[in-house]
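Comments concern the structure below.
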Amino acid sequence: MRYPELFHGGVPGLDMGDQLMPPNKSGTTATTQRYALPNSAARQPGWVYLTPDPEIAAAYAAMYPDGGLYMVKPLGPLQPDPMSPEPGLMWRCRAARVLVPVIQCVTLRSQPHLIEQALEAFRTGDVSDTDRKIAHILAECPWLRPAGWDPALFNANV
């Protein structure tokens, strides 16, 4: 089966050909689970999550200390992520291989538009799980907040 270009944002330092394993196999503690909502797919450590949207993958990479953005190939069956906000946007598999390291170090500072998108989402009420996670990071790291960030906008129950 031919897959579209797929991206993964996460643990830093991977190179071409490296294998991505889920946290329950790799033993990594560098995950976005601490930003996950209770029923979020990020709480399922047996999967590697992929997306055809590099912006989404970059948002996840930015949640790690110096996370990486990778173009990847799934190893084995690819399944739709049941938590995906729209069909075809988020996928999961049991393992993947790095084809190309796209950005070695993604931070919220290097991707300020991600913060601006989260801010706009809270202003309009169109808040995604990723926006909530970015808001959690900004609550913990006030030095990353852009001008106009209002902590009162953030409500974990939105």
Please output the side-chain donor-acceptor pairs of residues 7-20 that fall under 3.5 Å, not counting sequence neighbours, one pair per line with the distance.
unit_1 : atom_1 : unit_2 : atom_2 : d
H8     : ND1    : Y49    : O      : 2.8
D18    : OD2    : D15    : N      : 2.7

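The shortest heavy-atom contact between P22 and G46 is CB-C, 3.4 Å. The two atoms that bring V102 and M71 nearest to each other are CG2-N, 3.7 Å, heavy atoms only.
At least one side-chain heavy atom of L50 sits less than 4.5 Å from a side-chain heavy atom of P74. Side chains of V48 and V72 form no contact here, defined as non-hydrogen atoms less than 4.5 Å apart.
Follow the hydrophobic side-chain contacts under 4.5 Å out from L75 and you never reach M90; the two are in separate clusters.
Take Q79 and apply the side chain to side chain donor-acceptor pair (under 3.5 Å) test, not counting sequence neighbours, and it matches R92.
In this structure, CE on M21 lies 10.0 Å from CZ on R97, to the nearest 0.5 angstrom.
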